[in-house]
Asker: 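Mind having a look at this structure? Questions to follow.
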Amino acid sequence: HSVDTLHRTGFHFQPPRNWINDPNAPMYYNGVYHLFYQYNPKGAVWGNIVWGHSVSKDLINWKVLEPGLYPSKRFDKYGCWSGSATILPGKGPVILYTGVVDKKGNEVQCYAIPENISDPFLRKWVKPDAFNPIVFDDDINGSAFRDPTTAWWSKDGHWRMLVGGKVKNRGMAYLYRSKDFVNWVRAKHPIHSAPHTGMWECPDFYPVSLRGRNGLDPSVFGNNVKHVMKNSLDMTRYEYYTVGTYLWNKDKYIPDNTSEDGWGGLRYDYGNFYASKSFYDPSKNRRILWAWANESDTKEDDVKKGWAGIQAIPRTVWLDSHGRQLVQWPVEELNSLRGKEVNMRNQKLKKGDYVEVKGITAAQADVEVTFSFSSLDKAEAFDPKWVNAEDLCVQKGLKLEGGVGPFGFLTLASEKLEEFTPVFFTIFKASNNNKHVVLMCSDARSSSLNSELYKPSFGGFVDVNLVNKKISLRSLIDHSVVESFGAGGKTNILSRVYPTLAVNNHAHFFVFNNGIEHITVKNLKAWNMKSAIRD
Ligand code: FRU
């Protein structure tokens with residue numbers, strides 16, 4: 001059966017058909033990148049979960065293989081749920097994953113190893129009976145116990161890994177230790193937990209360097225290293241992370257107090273981005289982040305389309321030089337899909353100006369820009385009550401008669417602007433005079449004439465220094481995706497949208513300004529994007 005291609009992506013990862021959710025066990029081994037994903041081989045809704053498997057040499061073009069894991073044992077009869085890969089030195093990769101043992105959804109942790117380590121694609125995986133399941137703890141709520149992390153090795157000769165869970169409404173990451181990777185013992189206390197956060201799905205925990213952009217192997221410790229802990233909160237389908245200190249000999253993680261450890265915390269992405277997982281890529285010394293971007297049309301639409309779910313563009317992730325947050329940027333390999341380039345230089349935008357960038361395939365494009373302004377004097381005063389960026393984006397929108405901004409992109413716009421998805425900044429003056437508050441929004445409310453869709457306005461604050469009077473923005477536009485990186489990847493927002501008019505050759509792209517202060521498009525580069533291979 002064929003699938004509906006109207007809103008299918010050209011370069012964001014998706015399999016040829018059917019439902020996908022979480023990225024699983026991303027890794028680099030023997031010159032090949034592997035991506036597994038929660039996959040329903042039978043349809044475009046969640047269910048019958050197996051691990052879809054694709055391989056790549058460049059993280060962009062993929063070859064689909066047979067599922068790597070599928071229910072085949074008593075310990076995973078009702079599903080092979082999310083998990084991670086660990087490369088054991090001298091031995092090769094091991095997958096840790098969650099097996100669902102019964103209809104009630106009781107979960108245990110299992111492991112799988114390649115059947116043939118010299119198969120370059122590691123197509124077949126076996127689940128040794130002798131030790132599986134490797135973790136089943138009777139005293140843990142069995143339906144809130146899943147998604148093992150990549151394991152790391154500590155100087156005391158133990159491997160350690162985390163499993164997500166909750167007790168009452170307290171979200172937590174259980175810690176397990178093992179000497180041999182098959183006998184695992186739970187530490188007395190979770191490595192970390194936080195009240196009122198609910199179930200922690202897909203925890204991720206890894207070291208980041210205090211200097212430079214290089215990624216680190218999960219087993220690296222030391223003075224120039226901090227740790228990041230990320231959790232996916234199933235109550236809202238939002239993720240948040242903290243930067244902090246890992247005391248390995250106390251088996252404790254202590255978040256820095258530079259951001260909230262809870263709902264209001266830092267997010268990788270302030271849009272549609274969930275169940276993310278990172279891995280260390282030794283071939284380029286970088287840490288790469290994958291995440292699932294769910295559909296925001298209806299289930300019925302998904303069934304009709306024959307597909308649902310994509311992966312965000314893999315992003316390189318590193319710690320900002322001030323150490324308070326992460327920075328993310330699309331992997332450099334994406335640039336290999338850039339085709340024809342169009343430029344715009346020193347274009348002034350007065351209040352109410354909308355200038356089209358012509359000559360690009362605006363439904364499948366990569367656009368990078370630096371905006372500049374001569375003064376922030378006209379910026380509107382920021383009300384300290386505005387704590388929630390998303391609410392502020394809803395309240396202000398793109399039409400607001402601002403002081404500085406809103407200015408930015410109008411993506412996936414139809415010719416007469418019946419449909420458009422704006423991505424924009426508004427700059428406010430903080431009560432503390434020299435300081436500014438930068439708001440970034442990606443607003444899907446006018447993205448489609450179809451009224452049956454979820455069309456949220458997303459927003460995040462941008463912690464950026466404006467002394468040079470400029471700010472950058474990059475958007476990856478891909479038919480039903482607008483994935484944007486503000487200020488070089490400090491604040492990022494992925495929106496899923498389903499235009500009815502602004503499709504294929506009928507999509508347009510504009511830069512705009514609705515603020516009083518004039519904005520200059522210093523340097524805009526737009527590329528037509530070729531399609532990636534994904535079959
Ligand atoms: C997150 C999640 C995981 C689980 C998997 C099941 O989206 O719910 O917690 O392992 O999806 O498909």
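Indexing begins at 1, ligand by ligand and atom by atom, following the structure's order. These numbers come from a predicted model, not from an experiment.
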Asker: Indicate yes or no: does Glu201 engage Lys166 in a salt bridge with an N to O separation below 4.0 Å.
Answerer: no
Asker: Compute the ring centroids of Phe221 and Tyr246, then answer whether they are less than 6.0 Å apart.
Answerer: yes
Asker: Just to verify, what does Glu452 make a side-chain contact (heavy atoms from CB on, under 4.5 Å) with, not counting sequence neighbours?
Answerer: Thr298, Asn450
Asker: Heavy-atom contacts with ligand 1 below 4.0 Å: which residues, ordered by chain and residue number?
Answerer: Asn21, Asp22, Gln38, Trp46, Trp81, Ser82, Arg146, Asp147, Glu201, Arg237, Tyr274, Trp292
Asker: Could you tabulate the donor-acceptor pairs under 3.5 Å formed by side-chain atoms of residues 65-75, not counting sequence neighbours?
Answerer:
{"residue": "Ser72", "atom": "OG", "partner": "Lys127", "partner atom": "NZ", "Å": "2.9"}
{"residue": "Lys73", "atom": "NZ", "partner": "Asp129", "partner atom": "OD1", "Å": "3.2"}
{"residue": "Lys73", "atom": "NZ", "partner": "Asp129", "partner atom": "OD2", "Å": "3.0"}

Asker: Using ring centroids (six-membered ring only for Trp), state whether Trp184 and Tyr174 fall under 6.0 Å.
Answerer: no
Asker: Partners of Ile533 by side-chain contact (heavy atoms from CB on, under 4.5 Å), sequence neighbours excluded?
Answerer: Asn61, Asp535
